[in-house]
Asks: 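The structure under discussion is supplied below as structure tokens; questions concerning it will follow.
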Protein chains: 2
Amino acid sequence: MAGATTSRKTGPGDAAAARADGELPVSRHYRRARRDRGADTRARLIAAALDVFGREGFEGATTREIAREAGANLAAIVYHFGGKEELYRAVAEYIVERTSGLVGPAVALASAPQATESVEAARATLFRMIETYVDVILGTDEAERWARFIIREQLQPTSAFDIIYRFMGGTHALGAKLVARILGRSEEDEEVRIRVFAMIGQIMVFRVAHALVLRRMEWPSIGEDERAAIRRVILLHVEAILEAEAGP
Amino acid sequence: MAGATTSRKTGPGDAAAARADGELPVSRHYRRARRDRGADTRARLIAAALDVFGREGFEGATTREIAREAGANLAAIVYHFGGKEELYRAVAEYIVERTSGLVGPAVALASAPQATESVEAARATLFRMIETYVDVILGTDEAERWARFIIREQLQPTSAFDIIYRFMGGTHALGAKLVARILGRSEEDEEVRIRVFAMIGQIMVFRVAHALVLRRMEWPSIGEDERAAIRRVILLHVEAILEAEAGP
DNA sequence: GTCTATAGTCGGATAGAC
DNA sequence: GTCTATCCGACTATAGAC
């Protein structure tokens, strides 16, 4: 990654340093006149950075392009975040926040003790979770950008990996808990964990191999109908997978 | 991508232009003294480029690093390929060649008319194909590099996409033919095609989410044993998926 | 075919006015 | 907080010796 920064002027991106200097971290909470002008720039920069980093990768992205797309000044990136690398991490945090919000209800349901009360409950919860993830991953306009960013981070983990991992690892663990209950196994079981990854793969492939999918399916894009078709097939598959095991 | 090149000196990377100038495209076929010194440099450059482009992406990769890793001179890239972009396309072609070679026997089997003679034959051929792909994608040392390169190309298709697509699209089509036969459907059937993508996803996820898989599975790497475990689960899943449909 | 030296471009970070 | 101007390092591509 880029050269490490040595010492720098104080900005909101450097909250800890600011406090150490005796300042109060009030930057985002001043009165109401011109309120949140800084926070607004910050938000626009993150949105633009998510897009550009996702399309071009960390190295390929230029701070100039991000600033232009955000309608902000080049120097604003250093001011608000400290530098390109810190902006990148801020984007990772933003993605985790946003996606956590979207899958929140389904995750809450799966985390509740009732979810594993019975095999039937676990099965219903798992299906609900899969539906939610298909819709979030394939349905949101934003998801394309998130996916690109996250996949790149998988290919070449950087300092932002841990931020992403907290979220994705949690999803896999939750899936493993449900599948373990359904199959009557331990959630530590190697096979259970592999199975959950295979299930995740069935959803993910439509995002990762997006360009290939569109060409082979002769779809102009993945819209409402296409997503419904995908959801149907995946639920059918998961059902078959679980049935086979529950059988003789 | 980088700025377009206008006019350039002639090199073997520019075979068409060379011929247009009246030269013969003999560069790789001269006598035996010092034979293939050029071809050797070329091959080392492609291997290094595959690695660096895969790790850093097109923009992130630098021709300096590629040249250094190849033990070649910086100017050799321009001489042999014409420039960074042409080298990138040469890598894509190399990947298709190599992988085609590895999956060749399985593809030949699946392409033969006997493969779809009966449902049983189609099923056996599909299983054979899946085993081969799991081994190639997860087993080869080189595959990690191929995968990184290919996935990046999916995220942000460049002029190399068509080269990759010929290969991947062919694989999906072959899978669709077999699955269609097994389920007694048309290979144009939308559901069949979605199902094949879902099957591919179950394999691919272990490459794409490699870092996540290692952490969650508590594996140091995907070796012989881990690959066997994955293969077992995926074959079980595919069997379950096909059974469910063939059933009542 | 391979090498060194360098031209020309562009990127991230900074200084300091407002 | 935002802006312009600028520095400086790193990159691709080229020229031309060997």
Side-chain angles (χ1 to χ4, degrees), chain A residues 1-14 18 23 26-31 33-45 49 52-53 56-68 70-88, chain B residues 1-14 18 23 26-31 33-45 49 52-53 56-68 70-88:
Chain A
M1 276 221 172
T5 50
T6 45
S7 70
R8 207 184 303 112
K9 284 290 193 60
T10 304
D14 229 351
E23 291 181 36
V26 291
S27 42
R28 271 185 283 179
H29 306 297
Y30 34 76
R31 303 248 166 54
R34 285 183 116 193
R35 85 155 176 309
D36 288 342
R37 210 174 133 211
D40 190 59
T41 301
R42 219 186 129 88
R44 288 201 324 273
L45 278 171
V52 180
F53 279 133
E56 319 277 352
F58 179 80
E59 306 281 353
T62 71
T63 49
R64 286 175 158 85
E65 188 180 354
I66 293 169
R68 186 165 17 86
N73 191 272
L74 177 61
I77 290 173
V78 177
Y79 180 79
H80 285 284
F81 300 94
K84 188 185 183 183
E85 208 172 322
E86 289 90 339
L87 172 57
Y88 185 84
Chain B
M1 274 216 172
T5 49
T6 45
S7 70
R8 208 184 305 109
K9 284 288 193 60
T10 304
D14 229 350
E23 291 181 37
V26 291
S27 42
R28 271 185 284 180
H29 306 298
Y30 33 77
R31 302 245 166 55
R34 286 181 115 195
R35 84 151 172 310
D36 288 341
R37 210 174 135 211
D40 190 59
T41 301
R42 218 185 129 88
R44 288 201 325 273
L45 278 171
V52 179
F53 280 134
E56 319 278 351
F58 180 79
E59 306 281 354
T62 71
T63 49
R64 283 166 211 278
E65 190 181 352
I66 293 170
R68 186 165 17 86
N73 189 270
L74 178 61
I77 290 174
V78 177
Y79 180 79
H80 286 284
F81 300 93
K84 188 184 184 183
E85 206 173 323
E86 289 89 339
L87 173 57
Y88 185 84

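We use all heavy atoms of the structure for the numbers below, so side chains are in, but hydrogens, waters and symmetry mates are not. Nothing here was measured: the structure is a model prediction, and the numbers come from that model. Chain identifiers are assigned alphabetically (A, B, ...) following the order of the sequence lines, protein sequences preceding nucleic acid strands; residue numbering begins at 1 within each chain.
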Asks: Counting only side-chain heavy atoms from C-beta out, which of C/dA13, D/dT12, D/dT14 sits nearest to B/T62?
Replies: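 Comparing C/dA13, D/dT12, D/dT14 against the side chain of B/T62, the answer is D/dT12.
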Asks: Nearest to the side chain of A/R64, heavy atoms from C-beta on, is which of C/dA13, D/dT12, C/dT2?
Replies: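 Looking only at side-chain atoms, A/R64 lies closest to C/dA13.
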Asks: About how many Å separate CG of B/L45 and NE2 of B/H80, when rounded to the nearest 0.5 Å?
Replies: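 The NE2 atom of B/H80 sits 6.5 Å away from the CG atom of B/L45.
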Asks: Nearest whole angstrom, please: distance from the P of C/dT2 to the CZ of B/F81.
Replies: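 Those two atoms, CZ and P, are 11 Å apart.
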Asks: Let me know the distance between CZ of A/R42 and C1' of D/dG1, rounded to the nearest Å.
Replies: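 Roughly 13 Å, once rounded to whole Å.
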Asks: Please give, in whole Å, the distance from C/dT14 C1' to A/N73 CG?
Replies: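 Rounding to the nearest Å, CG of A/N73 and C1' of C/dT14 are 12 Å apart.
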Asks: Please report the distance, rounded to the nearest Å, between CD1 in A/I77 and P in D/dG1.
Replies: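 Taking CD1 of A/I77 and P of D/dG1, I get 17 Å after rounding.
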Asks: What's A/A67 touching, base or sugar-phosphate or nothing? Going by heavy atoms closer than 4.0 Å.
Replies: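 It contacts nothing in the nucleic acid.
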Asks: B/E59 CD to C/dC10 C1': how many Å, rounded?
Replies: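 The distance from CD of B/E59 to C1' of C/dC10 comes to 12 Å, rounded to the nearest Å.
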Asks: Quick check for you: among D/dT2, C/dG1, D/dT14, whose closest atom lies nearest to any side-chain atom of B/Y79?
Replies: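 Nearest nucleotide to the side chain: C/dG1.
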Asks: D/dT12 P sits how many Å from B/E85 CD, rounded?
Replies: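 For the pair B/E85 CD and D/dT12 P, the rounded distance is 13 Å.
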Asks: Should the pair B/F53 and B/F58 be assigned to parallel (<30°), tilted (30 to 60°) or perpendicular (>60°) ring geometry?
Replies: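 Parallel, since the angle between the ring planes stays under 30°.
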Asks: Please find the pair of heavy atoms, one from A/T41 and one from A/A72, that lie closest to each other, and give the distance.
Replies: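 Here A/T41 and A/A72 meet closest at CG2-CB, 4.0 Å.
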Asks: Nearest whole angstrom, please: distance from the C1' of C/dG11 to the CZ of A/F58.
Replies: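 Whole-Å distance recorded here is 12 Å.
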Asks: Within the 4.0 Å heavy-atom criterion, would you say B/L74 contacts the bases, only the backbone, or no part of the nucleic acid?
Replies: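 Answer is base: heavy atoms of B/L74 come under 4.0 Å of a base.
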Asks: Would you compute the distance between atom CG of A/L74 and atom OG1 of A/T63 and round it to the nearest 0.5 angstrom?
Replies: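 Nearest 0.5 Å value for the CG-OG1 distance: 5.0 Å.
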Asks: Taking all non-hydrogen atoms of both residues, which atom of B/A70 and which atom of B/R44 are closest, and how far apart?
Replies: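 Scanning both residues completely, I find the closest heavy atoms to be O-NE, 2.7 Å.
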Asks: Check every atom of D/dA13, D/dG1, C/dG12 against the side chain of B/T63 and return the nucleotide holding the closest atom.
Replies: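 From the listed options, D/dA13 comes nearest.
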Asks: Between D/dC11 atom P and B/E56 atom CD, what is the distance in whole Å?
Replies: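 B/E56 atom CD is separated from D/dC11 atom P by 11 Å.
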Asks: Classify the nucleic acid contact of B/A75 as base, sugar-phosphate or nothing, counting any heavy atom under 4.0 Å across all strands shown.
Replies: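 The answer is base, as B/A75 lies within the cut-off (heavy atoms under 4.0 Å) of a base atom.
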